[in-house]
Amino acid sequence: FVFVGGLKKQNARIDDFEKDLETAVSLGLPMICVGADIMSHIEDKVSLSSGSIAERYASLGGKIMTLGKPDKEVLDYAKSAFGLHTKKILMIGDCLSSDVKSAHILGFDSLLVSRGVHIDELGEDFVPDSIKARTLAMNYELYPNYLISNLRW
């Protein structure tokens with residue numbers, strides 16, 4: 001099988017993996033992909049993530065299995081760790097399709113970081129643009145409870 005986890009190369013492109021993906025498909029190898037995000041942040045830049053590689057593999061005819069947000073098994077496991085105190089949980093993330101969707105599925109509040117994966121749509125302003133965020137959220141039919149431009153820890 002082919003395993004795809006986190007990508008660490010900031011400027012990685014699908015083309016960088018094309019030959020290997022085509023070879024694996026021709027051998028009939030299934031792909032296991034950890035994390036369904038198609039984009040992530042590497043060194044403050046939006047970069048390719050493992051989900052993009054899996055999508056390309058599937059488009060070439062390969063069989064894929066993903067494991068990560070918002071898969072039900074992963075979310076059920078996470079929720080069980082918190083017991084009955086789920087009303088006090090805030091899920092923080094920069095991706096509507098995985099982080100905010102996962103929070104919605106779990107019944108948690110969500111905080112979207114606008115200077116993350118969606119920075120091209122939401123901009124780099126210190127104060128996040130709530131109108132742009134609402135418009136983007138409408139495209140996904142997923143609405144975060146809160147919006148912040150950046151998060152440091």
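Below, each value reflects all heavy atoms present in this structure, side chains not excepted, and no hydrogens, waters or symmetry copies.
Partners of Arg134 by salt bridge (charged side-chain N to carboxylate O under 4.0 Å, His left out), not counting sequence neighbours: none found. His118 meets the ring-ring contact (aromatic ring centres under 6.0 Å, His included) test with Tyr140; sequence neighbours excluded. For Glu121, there are no side chain to side chain donor-acceptor pair (under 3.5 Å) partners two or more places apart in sequence or in a different chain. Contacts of Asp76 classified as salt bridge (charged side-chain N to carboxylate O under 4.0 Å, His left out), with partners at least two apart in sequence or in another chain: Lys72. Ser110 is linked by a side chain to side chain donor-acceptor pair (under 3.5 Å) to nothing, counting only residues two or more places apart in sequence or in another chain.
Side-chain contact between Ile14 and Ile53: present, with at least one pair of heavy atoms (C-beta onward) separated by less than 4.5 Å. Met91 places none of its side-chain heavy atoms less than 4.5 Å from the side chain of His104. At least one side-chain heavy atom of Val113 sits less than 4.5 Å from a side-chain heavy atom of Ile92. Contact of the Leu96 side chain with the Lys101 side chain is not registered, since no non-hydrogen atoms from C-beta on lie closer than 4.5 Å.
When atom types are taken as modelled, the side chain of Lys79 and the backbone of Leu106 share a donor-acceptor pair closer than 3.5 angstrom. Side chain of Asp71 to backbone of Val74: no donor-acceptor contact under 3.5 angstrom is found. No side-chain donor-acceptor contact under 3.5 Å links Asp109 to the backbone of Leu90. Judged by distance alone, with hydrogens and angles left aside, the side-chain atoms of Ser50 form a donor-acceptor pair with the main-chain N or O of Gly35 at under 3.5 Å.
Annotation: the span from Ser114 atom OG to Asp129 atom CG amounts to 9.0 Å, rounded to 0.5 Å. With rounding to the nearest 0.5 angstrom, the OH atom of Tyr143 is 10.5 Å from the CG atom of Leu136. Note: Leu147 CG to Ser130 OG = 7.0 Å, rounded to the nearest 0.5 Å. Separation of atoms CZ (Arg13) and CZ (Phe17) is listed at 10.5 Å; rounding is to 0.5 Å. The CG atom of Leu112 lies 8.0 Å from the CG atom of Asp99; values are rounded to the nearest 0.5 Å. Between the CD1 atom of Ile89 and the CZ atom of Phe108 there is a distance of 3.5 Å, given to the nearest 0.5 Å.
Put simply, Phe1 and Tyr57 are part of two different groups of oily side chains (I, L, V, M, F, W, Y) that touch within less than 4.5 Å, one to the next. Residues Tyr146 and Leu142 do not share a hydrophobic cluster, defined by chaining ILVMFWY side chains whose heavy atoms lie under 4.5 Å apart. Put simply, Leu67 and Tyr77 are part of two different groups of oily side chains (I, L, V, M, F, W, Y) that touch within less than 4.5 Å, one to the next. Met65 and Met31 fall into different hydrophobic clusters, defined by Ile, Leu, Val, Met, Phe, Trp and Tyr side-chain heavy atoms under 4.5 Å apart, directly or through other members. Linking ILVMFWY residues whenever their side-chain heavy atoms come closer than 4.5 Å, directly or via other members, places Leu27 and Val2 in the same cluster.
Crowding of Ile131 atom CD1: a count of heavy atoms from other residues, nucleotides or ligands under 6.0 Å not exceeding 12.
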Checklist entry - Between Leu29 and Lys63, is a side chain to side chain contact (heavy atoms under 4.5 Å, CB included) present by the stated rule, with each step listed? => result CA-CA 8 Å; Leu29 299 175; Lys63 181 180 177 183; over 6 Å; no

Next on the checklist: Assess the residue pair Ile64 and Cys33 against the criterion (side chain to side chain contact (heavy atoms under 4.5 Å, CB included)); give the C-alpha distance rounded to whole Å, side-chain angles, the decisive distance to 0.1 Å, and a yes or no.
Outcome noted: CA-CA 7 Å; Ile64 63 170; Cys33 175; 5.8 Å; no

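The salt bridge (Lys or Arg N to Asp or Glu O under 4.0 Å) pairs that include a residue from residues 46-59 are Glu18-Arg56, where partners are two or more places apart or lie in different chains.
Between Pro144 and Ala137, the shortest heavy-atom contact is CD-CB, 4.3 Å.
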